[in-house]
Amino acid sequence: MPKPLNMIVACAENRAIGRGGRLPWKIPEDFASLQKKTLGNTVVLGRVCFQSWPSAMPGRQPIVITRDTTLATRDVKVAGSLPVALAIADGLPGEIYICGGQRVYEETMLLAEKPTRPIRLHLTLVHAAISGDRFFPEWTHLSWRELRRRESADANYRYTFLELERS
C-alpha cells in the first residue's frame, strides 16, 4: 500500500512561492517548521529546489526529480519523474514530503484531485501579494479537511500555518 503524501509549502496569497530560484521572503519560523517536519523523512523535490537548499538536506533522504543523473550519490536518489520518485519513496523509511518546486507541486496537486492515498497539505500562507516567477497551484477548489490552523507573524509578514487533508 502506498504511503500518504505530505506537500509542504509556503506561499503568498497570490500563490507566489519563488523568485529567481529562491524564496521571495525569509521567515525563520516557517523554515524551522519545514526543518522539524521533514527531519528523518524522505523529501521529494525538483533539481532547482534541491540545489538551493543544501542546508536543509542533512537528516533527510532526498529524491531529486531530474534527468541529471550526476546528482545521484550515496545520500541522494534521482528519479526521472514524480511517479518514479514516489515508488522509490514508498520503499524508504519515514514519511514522504513533497517540497517543490512549481512543476512538482502541480503534478502532486493532480494526484490530490482524485487521491489514491491520503494527501496532506502543510501550508504556510503568507498574508501578502508577493512578486514571483514560480507559483503554487490553485488548491482552494478541492475539498480539504482542516486539521490544524495557527496564526503567526514576524517583523515583516503575517502568516497562517495550515494543515489540510484529502483522502
Side-chain angles (χ1 to χ4, degrees), residues 1-12 15-112 115-126 132-137 139 147-148 154 159 161-167:
M1 173 154 223
K3 292 180 182 180
L5 296 182
N6 294 281
M7 281 192 288
I8 189 163
V9 64
C11 77
R15 299 184 292 110
I17 58 172
R19 182 175 55 231
R22 300 232 173 260
L23 292 173
W25 50 69
K26 286 192 189 238
I27 301 176
E29 184 180 14
D30 175 62
F31 187 70
S33 175
L34 168 83
Q35 292 281 73
K36 182 179 178 183
K37 287 179 181 175
T38 60
L39 186 63
N41 292 302
T42 298
V43 293
V44 175
L45 62 170
R47 179 190 52 79
V48 172
C49 284
F50 173 74
Q51 291 176 327
S52 68
W53 288 6
S55 66
M57 290 303 117
R60 291 147 192 85
Q61 173 60 68
I63 302 175
V64 182
I65 300 174
T66 182
R67 288 184 205 91
D68 183 356
T69 57
T70 64
L71 292 178
T73 67
R74 182 175 53 85
D75 298 323
V76 177
K77 299 192 180 316
V78 169
S81 68
L82 179 62
V84 171
L86 295 179
I88 294 168
D90 279 331
L92 296 173
E95 294 186 43
I96 302 170
Y97 280 85
I98 308 296
C99 298
Q102 178 178 319
R103 190 163 62 200
V104 175
Y105 286 135
E106 288 169 348
E107 290 181 39
T108 306
M109 195 59 73
L110 290 174
L111 297 176
T116 56
R117 57 170 103 195
I119 298 179
R120 283 197 175 166
L121 175 56
H122 303 265
L123 171 67
T124 303
L125 183 59
V126 180
D133 55 23
R134 296 290 178 260
F135 296 87
F136 190 67
W139 76 91
L147 303 175
R148 287 179 193 75
D154 65 13
Y159 42 92
F161 291 102
L162 293 161
E163 188 174 333
L164 310 169
E165 183 176 62
R166 283 187 55 78
S167 51

Asker: Can you list the residues that meet the side-chain hydrogen bond (donor to acceptor under 3.5 Å, both in side chains) rule with Asp68, with sequence neighbours excluded?
Answerer: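 Counting only residues at least two positions away or on another chain, Asp68 forms a side-chain hydrogen bond (donor to acceptor under 3.5 Å, both in side chains) with Thr70.
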Asker: Any chance you could measure Asn41, atom CG, to Glu95, atom CD, to the nearest 0.5 Å?
Answerer: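 One finds 5.0 Å between CG of Asn41 and CD of Glu95.
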Asker: Which residue pairs pass the salt bridge (Lys or Arg N to Asp or Glu O under 4.0 Å) test when at least one of the two sits in residues 24-44, sequence neighbours left out?
Answerer: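 Applying salt bridge (Lys or Arg N to Asp or Glu O under 4.0 Å) to every pair that reaches into residues 24-44, excluding sequence neighbours, yields Glu29-Arg150.
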Asker: Could you tell me the separation between the CZ atom of Phe135 and the CD atom of Glu106, rounded to the nearest 0.5 Å?
Answerer: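 Here the rounded value is 11.0 Å.
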Asker: Suppose we screen for side chain to side chain contact (heavy atoms under 4.5 Å, CB included). Which residues come up paired with Leu39, at least two apart in sequence or across chains?
Answerer: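 For Leu39, the residues satisfying side chain to side chain contact (heavy atoms under 4.5 Å, CB included) (neighbours in sequence not counted) are Arg60.
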Asker: List in chain and number order the residues that pass side chain to side chain contact (heavy atoms under 4.5 Å, CB included) with Pro4, two or more places apart in sequence or in another chain; answer none if no residue qualifies.
Answerer: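 Listed in chain order: Pro118.
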Asker: Taking all non-hydrogen atoms of both residues into account, name the closest pair between Ser52 and Gly21 and its distance.
Answerer: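 Nearest heavy atoms, Ser52 then Gly21: CB-O, 3.8 Å.
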Asker: So, using ring pair (Phe, Tyr, Trp, His ring centres under 6.0 Å) as the criterion, who are the partners of Tyr97 when residues are at least two apart?
Answerer: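 So Tyr97 forms a ring pair (Phe, Tyr, Trp, His ring centres under 6.0 Å) with His122.
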Asker: For Glu107, what residues pass the side-chain hydrogen bond (donor to acceptor under 3.5 Å, both in side chains) criterion, not counting sequence neighbours?
Answerer: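 Partners of Glu107 under the side-chain hydrogen bond (donor to acceptor under 3.5 Å, both in side chains) test: none.
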Asker: Is the side chain of Asn6 donor-acceptor paired with the backbone N or O of Ile96 at a distance under 3.5 Å, no angle test?
Answerer: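 Yes, because the side chain of Asn6 sits within donor-acceptor range (under 3.5 Å) of the backbone of Ile96.
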Asker: Can you find a pair of side-chain heavy atoms, one from Leu82 and one from Ile65, that are under 4.5 Å apart?
Answerer: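 Yes; the side chains approach each other to less than 4.5 Å.
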Asker: Roughly how far, to the nearest 0.5 Å, is the CD1 atom of Ile8 from the CG atom of Leu34?
Answerer: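 That separation rounds to 4.5 Å.
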Asker: Glu163 side chain to Leu121 main-chain N or O, any donor-acceptor pair under 3.5 Å?
Answerer: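 Checked: no pair found.
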Asker: Evaluate the side-chain proximity of Cys11 to Tyr105: yes if any heavy-atom separation is below 4.5 Å, no if none is.
Answerer: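 A side-chain contact under 4.5 Å is absent here.
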Asker: Look up atom CZ in Phe136 and atom CE in Met109, then write down how far apart they are to the nearest 0.5 Å.
Answerer: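 It is 3.5 Å, given to the nearest 0.5 Å.
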Asker: Could you tell me if the side chain of Phe50 sits less than 4.5 Å from the side chain of Thr66, heavy atoms only?
Answerer: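 Thr66 vs Phe50: side chains apart.
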Asker: CH2/Trp139 to CG/Leu123 distance, rounded to the nearest 0.5 angstrom?
Answerer: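 The CH2 atom of Trp139 sits 5.0 Å away from the CG atom of Leu123.
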Asker: Taking all atoms of both residues into account, what is the closest heavy-atom pair of Ala79 and Ile88, and its distance?
Answerer: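 Ala79 and Ile88 have their closest heavy atoms at CB-CD1, 4.2 Å.
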Asker: Does Arg67 have any salt bridge (charged side-chain N to carboxylate O under 4.0 Å, His left out) partners at least two apart in sequence or in another chain, and if so, which?
Answerer: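 Applying salt bridge (charged side-chain N to carboxylate O under 4.0 Å, His left out) to Arg67 gives none.
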Asker: Are any non-hydrogen side-chain atoms of Lys77 and Thr42 less than 4.5 angstrom apart?
Answerer: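 When only atoms from C-beta onward are counted, Thr42 and Lys77 do not touch, as no gap falls below 4.5 Å.
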Asker: Using salt bridge (charged side-chain N to carboxylate O under 4.0 Å, His left out) as the criterion, list what pairs up with Glu165, not counting sequence neighbours.
Answerer: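 Glu165 satisfies salt bridge (charged side-chain N to carboxylate O under 4.0 Å, His left out) with Arg120, Arg145 once adjacent residues are dropped.
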Asker: Show every side-chain hydrogen bond (donor to acceptor under 3.5 Å, both in side chains) that has at least one partner inside residues 79-88, sequence neighbours left out.
Answerer: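 Sorted pair list comes back empty.
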Asker: For residues Asp133 and Gly20, report the shortest heavy-atom separation together with the two atoms involved.
Answerer: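 So the minimum-distance heavy-atom pair works out to OD2-N, 2.9 Å.
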Asker: Which heavy atom of Gly101 sits nearest a heavy atom of Cys49, and at what distance?
Answerer: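 Gly101 and Cys49 have their closest heavy atoms at N-SG, 3.3 Å.
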Asker: For Arg117, enumerate each residue passing the side-chain hydrogen bond (donor to acceptor under 3.5 Å, both in side chains) test, keeping only those at least two apart in sequence or located in another chain.
Answerer: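 Applying side-chain hydrogen bond (donor to acceptor under 3.5 Å, both in side chains) to Arg117 gives Asp90.
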Asker: State which residues pass ring pair (Phe, Tyr, Trp, His ring centres under 6.0 Å) with Tyr159; sequence neighbours excluded, sorted by chain then number.
Answerer: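 So Tyr159 forms a ring pair (Phe, Tyr, Trp, His ring centres under 6.0 Å) with Phe161.
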Asker: Heavy atoms only: give me the nearest Val44-Ala89 pair and the separation to one decimal.
Answerer: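 Looking at all heavy atoms of both residues, the shortest contact is CG2-CB, 4.5 Å.
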Asker: Looking only at heavy atoms, which two atoms of Thr38 and Cys99 are closest? And how far apart?
Answerer: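 In this case the closest contact between Thr38 and Cys99 is CG2-SG, 4.4 Å.
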Asker: What residues form a side-chain hydrogen bond (donor to acceptor under 3.5 Å, both in side chains) with Arg47, not counting sequence neighbours?
Answerer: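 side-chain hydrogen bond (donor to acceptor under 3.5 Å, both in side chains) check on Arg47 returns Gln51.
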